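Bear in mind the structure is a predicted one, so any value in this text is a computation, not a measurement.
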Amino acid sequence: MKNTKFPNIVEFEVTGDYALFSDPLTRVGGEKCTYQVPTYEALKGVLHSVYWKPTIIWYIDAVRVMNQIQTEVKGIRPIKYSGGNDLAFYTYLKNCRYQVRAHFEWNENRPDLKADRNENKHHEIAKKMIRKGGRRDVFLGTRECQAYVEPCVFGDGKGFYDQKPDEASMELSFGLMYHGITYADEAYSEETRNMMTARFWYPVMKNGVIKFCRPEKCPHYKHLHQMDIKSFSKDLNNFSGLDEFADLNPLGEVK
């Protein structure tokens, strides 16, 4: 199941005992209920924990659900904003295992980082970080759902929702679902420029695989509020742009 359109594809498997891909509608009462499948934004967050640079934008191409979709309700005592604790029930996914395929493209909203556009460098480091388990802690949806990543070949191995030889192809539709957030530095149109925008779409899982649409292809979106692009510069001491070159040889390959 190779995708040759983009040469910088990464494939990895992420596993965790629990996951919570929150449906925004269930948060009004202070309780959380997970979606049945990972959101685009949650998987993008996994990649950001593995390897993030403002020079690139990660695009999630597809996810393969390997284990049966199961939920578990837990009694939680979340901290109240006014102090003390509250009581709530959170609905989690359990025994989670997903294969993910993604690629990156240059962030055209960052012309100031054009000198950092070394495709081989970023691709090799991203693959190395997947082998190492990520640069930062990885979690599935929410911070308490610790997860682990490792390399894989997308499509290999047996999945619970694979098509059986004697059965017809199985499709599951999940209705209107949260896709992700477009931040100001990832704007793709004049409407999303200098805005924080929530996106929504209609995912369909076919034989365990969900193919994600690109952010600009989402059928529904809602502007949340205005926001500015964060500046990175040597004067602010918040970005060097060359911090990974120490791990590369002259050909741009990881040592």
Side-chain angles (χ1 to χ4, degrees), residues 5-12 14 38-61 100-143 147 149 178-199 212-218 221 223-248 251-255:
K5 183 177 180 181
F6 299 101
N8 50 43
I9 283 177
V10 295
E11 296 177 336
F12 62 91
V14 56
T39 63
Y40 180 98
E41 192 71 17
L43 296 176
K44 188 176 177 181
V46 170
L47 265 175
H48 281 180
S49 293
V50 171
Y51 179 64
W52 174 84
K53 290 291 282 186
T55 313
I56 65 176
I57 298 177
W58 284 110
Y59 289 88
I60 310 300
D61 299 318
V100 182
R101 183 174 61 210
H103 73 279
F104 67 81
E105 299 176 20
W106 301 130
N107 189 344
E108 299 297 340
N109 296 298
R110 295 282 186 183
D112 52 325
L113 304 180
K114 195 171 183 179
D116 192 40
R117 293 181 183 177
N118 184 326
E119 182 174 9
N120 194 53
K121 179 192 79 167
H122 291 298
H123 191 211
E124 290 298 324
I125 294 176
K127 291 190 293 184
K128 178 181 179 181
M129 290 303 103
I130 290 174
R131 294 195 298 269
K132 296 292 185 179
R135 280 187 165 180
R136 296 177 289 173
D137 290 348
V138 178
F139 49 91
L140 289 170
T142 54
R143 189 64 183 81
V149 298
Y178 169 76
H179 185 274
I181 291 179
T182 299
Y183 296 95
D185 63 343
E186 296 183 357
Y188 50 81
S189 66
E190 285 299 324
E191 289 183 325
T192 56
R193 196 173 303 280
N194 296 321
M195 296 292 295
M196 182 177 181
T197 307
R199 308 183 307 270
F212 289 100
C213 66
R214 291 175 63 90
E216 62 269 23
K217 299 294 185 180
C218 287
Y221 64 89
H223 296 311
L224 302 180
H225 58 75
Q226 292 184 336
M227 69 180 302
D228 298 323
I229 297 177
K230 181 178 180 180
S231 298
F232 292 95
S233 69
K234 294 181 179 179
D235 295 335
L236 296 174
N237 294 321
N238 61 2
F239 177 70
S240 69
L242 302 175
D243 53 341
E244 289 92 1
F245 278 114
D247 295 329
L248 304 177
L251 296 178
E253 299 170 337
V254 175
K255 296 178 182 178

S.K.: Is there a donor-acceptor contact under 3.5 Å from the side chain of Asn107 to the main chain of Asp185?
M.R.: yes
S.K.: What's the shortest heavy-atom distance between Val138 and Gly133, and which atoms?
M.R.: CG2-O, 4.0 Å
S.K.: Please answer whether the main-chain N or O of Tyr51 pairs with a side-chain N or O of Arg135 as donor and acceptor at a distance below 3.5 Å.
M.R.: no
S.K.: Without swapping roles, check the side chain of Arg214 against the backbone of Asp61 for a donor-acceptor pair under 3.5 Å.
M.R.: no
S.K.: Measuring from atom CG of Leu140 to atom CG of Leu43, what distance do you get when rounded to the nearest 0.5 angstrom?
M.R.: 8.0 Å
S.K.: Ile57 versus Phe104: any side-chain heavy-atom pair under 4.5 Å?
M.R.: no
S.K.: Which distance, rounded to the nearest 0.5 Å, do you find between the CD1 of Ile181 and the OG1 of Thr39?
M.R.: 9.5 Å
S.K.: Just jot down the salt bridge (charged side-chain N to carboxylate O under 4.0 Å, His left out) partners of Arg117, sequence neighbours excluded, or say none.
M.R.: Glu108
S.K.: Check for a donor-acceptor pair, side chain of Asn109 on one end and backbone N or O of Ala187 on the other, with a separation under 3.5 Å.
M.R.: yes
S.K.: Strictly distance-based, threshold 3.5 Å: is any side-chain N or O of His225 a donor or acceptor partner for the main-chain N or O of Thr197?
M.R.: no
S.K.: With the side chain counted from C-beta on, respond yes when Asp116 and Lys53 share a heavy-atom pair under 4.5 Å apart, and no when they do not.
M.R.: yes
S.K.: Is the shortest side-chain heavy-atom distance between Val100 and Ile60 below 4.5 Å?
M.R.: yes
S.K.: Could you tell me if the side chain of Tyr40 sits less than 4.5 Å from the side chain of Pro215, heavy atoms only?
M.R.: yes
S.K.: I need the minimum non-hydrogen distance between Met195 and Gln226, along with the two atoms involved.
M.R.: SD-CG, 3.5 Å
S.K.: Check Glu186 with Lys44, please: is the shortest side-chain N to carboxylate O separation under 4.0 Å?
M.R.: yes
S.K.: Can you list the residues that meet the ring-ring contact (aromatic ring centres under 6.0 Å, His included) rule with Phe139, with sequence neighbours excluded?
M.R.: none
S.K.: Might you work through the side-chain contact (heavy atoms from CB on, under 4.5 Å) test for Trp52 and Arg136, ending with a clear yes or no?
M.R.: CA-CA 10 Å; Trp52 174 84; Arg136 296 177 289 173; 4.2 Å; yes
S.K.: Kindly indicate whether the side chain of Asn120, heavy atoms from C-beta on, has any atom under 4.5 Å from the side chain of Asn8.
M.R.: no
S.K.: Applying side-chain hydrogen bond (donor to acceptor under 3.5 Å, both in side chains) between Tyr221 and each of Glu191, Arg199, Glu216, report the one that passes.
M.R.: Glu191
S.K.: Which label fits Tyr59 and His103: parallel for a plane angle under 30°, tilted from 30 to 60°, or perpendicular past 60°?
M.R.: parallel
S.K.: Nearest 0.5 Å, please: how far is CD1 in Ile56 from CG in Leu113?
M.R.: 11.5 Å
S.K.: Are the side chains of Met196 and Leu224 in touch, meaning some heavy atoms are under 4.5 Å apart?
M.R.: yes
S.K.: Is Ser49 reaching over with its side chain to a backbone N or O of Asp137, donor-acceptor style, under 3.5 angstrom?
M.R.: yes
S.K.: Roughly how far, to the nearest 0.5 Å, is CD of Glu124 from CG of Asn118?
M.R.: 10.0 Å
S.K.: Is any side-chain heavy atom of Lys127 less than 4.5 Å from a side-chain heavy atom of Val10?
M.R.: yes
S.K.: Would you check if Trp106 and Glu119 make a side-chain contact, meaning some heavy-atom pair closer than 4.5 Å?
M.R.: yes
S.K.: Applying salt bridge (charged side-chain N to carboxylate O under 4.0 Å, His left out), can you list everything that pairs with Glu41, at least two apart in sequence or on another chain?
M.R.: none
